[in-house]
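So the structure is just underneath, and the comments pick up after that.
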Amino acid sequence: AIVALKKGAHLLKCGKRGKPKFCPFRLSSDEKTLVWYSKDREKHLSLNSVSTVILGQKTTNFYRQRWPEKEHQSLSLVYRNGECSLDLICRDRDQAECWHLGLTALISGPSSPFSSVGSKSSRQMTSCTSTPRSYIQRKSKLSAVHDTPRHKQ
C-alpha cells in the first residue's frame with residue numbers, strides 16, 4: 001500500500017468551498033508528508049498532525065456535499081485535533097482501502113515485531129515488505145532475533 005501511495009493518484013478533493021476537484025496526491029519519499037497540487041501550488045499535510053483516517057463520508061464536508069453512491073470510495077484524514085479534515089474520493093473501493101490501509105499504517109507508527117531490532121528506520125521494515133531488498137532485510141533480522149544456526153543439506 002505504501003508503494004501505491006508513493007506512486008500517487010488523482011483523487012477527488014472535497015473542500016469547504018466550491019465544487020470537488022481532481023488533484024494529484026502522493027506520499028513524500030520520506031513517508032512523512034502527503035503532497036498534492038491545487039491551483040498550480042504544491043500543498044502539504046504532515047502525517048504527524050493526522051490523528052485518524054476514516055473510511056466513508058462521516059465528516060462535516062461530506063455532510064455538506066453528500067454523495068451516497070461514493071460512500072465506499074471515500075476517506076478522510078482528520079487533523080488539528082479533529083478541527084479539520086482532508087476529504088477524498090477515490091476511483092473505486094479497492095483504491096480507497098489501499099490508501100486507508102497505507103495512511104493508517106503510517107500514522108499509527110511502527111507496529112512491526114522487528115521494530116525493536118536495530119534498524120535504520122522503523123518504517124523501512126513496514127513500508128515495502130514485498131520488495132526483494134526488504135525480504136532480505138527481514139530474513140537477516142529474523143536470523144539475528146532467533147539466533148538459530150543454519151542447517152546444511
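Keep in mind the model is a prediction, meaning the values are calculated, not measured.
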Please tell me if the side chains of [X] and [Y] come closer than 4.5 Å, counting only heavy atoms from C-beta onward.
X     : Y      : answer
Leu45 : Tyr79  : yes
Leu27 : Ile2   : yes
Leu75 : Leu103 : yes
Leu77 : Trp99  : no
Phe25 : Lys13  : yes
Pro24 : Tyr37  : yes

Locate the shortest heavy-atom distance separating [X] from [Y]; write the atom from each residue and the value.
X     : Y      : answer
Ser29 : Lys6   : O-NZ, 3.4 Å
Gln65 : Gly18  : NE2-O, 3.2 Å
Ala96 : Leu55  : O-CD2, 4.0 Å
Gly56 : Ser76  : O-OG, 4.3 Å
Leu47 : Ile107 : O-CG2, 3.7 Å

Determine, using the 4.5 Å side-chain heavy-atom cutoff (strictly less than), whether [X] and [Y] are members of one ILVMFWY cluster.
X     : Y     : result
Leu5  : Leu34 : yes
Leu86 : Ile89 : no
Phe62 : Trp67 : yes

Spell out, as yes or no, whether a donor-acceptor pair under 3.5 Å connects the side chain of [X] to the backbone of [Y].
X      : Y      : value
Lys21  : Lys19  : yes
Thr104 : Leu101 : no
Gln73  : Arg93  : no
Arg64  : Lys16  : yes
Ser85  : Val78  : no
His100 : Val53  : yes

>> As a test of understanding, state which of Leu12, Asp87, Leu88 forms a side chain to side chain contact (heavy atoms under 4.5 Å, CB included) with Pro20.
In response: Leu12
>> Is it the case that atom CZ in Arg66 sees more than 12 heavy atoms from other parts of the structure closer than 6.0 Å?
In response: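 Atom CZ in Arg66 is packed in, count exceeds 12.
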> Residues in salt bridge (charged side-chain N to carboxylate O under 4.0 Å, His left out) with Arg26, at least two apart?
Replying inline: none
> Just checking, any donor-acceptor pair under 3.5 angstrom between side chains of Thr59 and Asn61?
Replying inline: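 No, no side-chain donor-acceptor contact under 3.5 Å.
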> Out of curiosity, Arg91 CZ to Cys98 SG, how far, rounded to the nearest 0.5 Å?
Replying inline: 9.5 Å
>> Checking Gln57 now: which residues fulfil side-chain hydrogen bond (donor to acceptor under 3.5 Å, both in side chains) with it, not counting sequence neighbours?
In response: Ser74
